[in-house]
**Q** 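Pasting a structure below so you can have a look.
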Number of protein chains: 2
Amino acid sequence: MDRFYQKCKQHSLKITPQRTAVYKTLEASSSHPCADMIHKVLQKEFPNISLDTVNRTLITFSKVNIIDVVEGRGDPRRFDPNLDAHHHFHCLACNKIFDFHDTALDQITPSSDIAKKFIITGKKIVLKGYCDNCRSQASTL
Amino acid sequence: MDRFYQKCKQHSLKITPQRTAVYKTLEASSSHPCADMIHKVLQKEFPNISLDTVNRTLITFSKVNIIDVVEGRGDPRRFDPNLDAHHHFHCLACNKIFDFHDTALDQITPSSDIAKKFIITGKKIVLKGYCDNCRSQASTL
DNA sequence: TTGACAAATAGGATCAAATCCTATTTACTA
DNA sequence: TAGTAAATAGGATTTGATCCTATTTGTCAA
Ligand SMILES: [Mn+2]
Ligand SMILES: [Mn+2]
Ligand SMILES: [Zn+2]
Ligand SMILES: [Zn+2]
């Protein structure tokens, strides 16, 4: 919670009851919930809280590194015809996905207890950041 | 293209002009396009092709490993309050995301020329497959 | 402590991706 | 070449995300 107040101050985000509640709810969860799930939970405490506020708040938090967005960014599904071992760099600004090759990264293997616990059908390494064209926008952080 | 016919036969998928065209278009691309982009391209050749067909076809292809789905599965954005180094396992059946820790994987570093070419702000390793609860459904492959 | 102001919110409208539905067409098999 | 299951078109529906604007609220300086 300290971290939350700190980061808000640091980026001059106003501390509102809604924001506090959104953060608390997410922090208490372990299911990597989406905005809608959090909204449903919060409606008990704030019958009028809007989905837009929850969604906006989560995105705001992720922009200032209070939380993370995982596995999918709400963008449309995208496809790849290339099944050979390769990896991706995803530009946060222009949304392009670039292939890159790295034999060292191809070798990585999750530890055996993970492999025991789950049936693993695929693994991928995704880098995110800013491509050459969008370097300048990186300062927006 | 051989691979395409083989896999279709193997899974008794009918070879239709639409499917062939979808595959050719994706194969010719290098931008990791979404269904809508492919649909737009194909409309020149097939004025009546439906978006549903393109979308369904792509998903079908990915199920039988003719192509891959990358970065986002069209699902809603999901969030993570945990900023510590950790990794994710994503169950394809129940859509749950599980945390796991692996200090070896934490160490991985992309080669320097990648770091030179892009501004990297994050890296993650995502495993996909079937969790304990959903093991049985893995046979659907 | 108060007042001013920029920032945040609610609620509804709109947009866009994905999925569903059903009548029709088509690819495969025998 | 005919029969059948599978695939498609096209429109409707669902749902996540975003936009819009009037109203409310947190913050800061007087
Ligand atoms: Mn790729
Ligand atoms: Mn996590
Ligand atoms: Zn870019
Ligand atoms: Zn599962």
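In what follows, chains carry the letters A, B, and so on, assigned in the order in which the sequence lines appear, proteins first and then strands, with residues in each chain numbered from 1.
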**Q** Which of the following nucleotides, C/dA10, D/dG26, C/dA18, is nearest to the side chain of A/Ile49?
**A** C/dA10
**Q** By nearest atom, which of the nucleotides D/dG10, C/dC28, C/dT9 is closest to the B/Ile15 side chain?
**A** C/dC28
**Q** As a test of reading the structure: which of D/dA9, C/dA6, C/dA27 is closest to the side chain of A/Lys14, going by heavy atoms?
**A** C/dA6
**Q** Under 4.0 Å: is that the gap between some side-chain N or O of B/Arg56 and OP1 or OP2 of D/dT8?
**A** yes
**Q** Do any side-chain nitrogens or oxygens of B/Thr16 fall under 4.0 Å of OP1 or OP2 in D/dT8?
**A** yes
**Q** Taking the side chain of A/Asp52 as heavy atoms from C-beta outward, which of D/dC19, D/dT8, C/dA8 is closest to it?
**A** D/dC19
**Q** Is A/Asp113 salt-bridged to A/Lys117, going by a charged N under 4.0 Å from an acidic O?
**A** no
**Q** Measuring from the side chain of B/Ser50 (C-beta onward, heavy atoms only), which nucleotide among D/dA9, D/dA17, D/dT8 has the closest atom?
**A** D/dA9
**Q** Classify the ring geometry of B/Phe98 against A/Phe118: parallel below 30°, tilted from 30° to 60°, perpendicular beyond 60°.
**A** tilted
**Q** Hey, is the side chain of B/Gln18 poking within less than 4.0 Å of OP1 or OP2 on D/dA9, counting only N and O atoms?
**A** yes
**Q** Counting only heavy atoms and a strict 4.0 angstrom limit, can you tell me which residues of residues 24-48 of chain B come near DNA chain D?
**A** B/Asn48
**Q** NZ of A/Lys123: more than 12 outside heavy atoms within 6.0 angstrom?
**A** yes
**Q** Nearest to the side chain of A/Asn55 - D/dT18, C/dA10, C/dA27?
**A** D/dT18
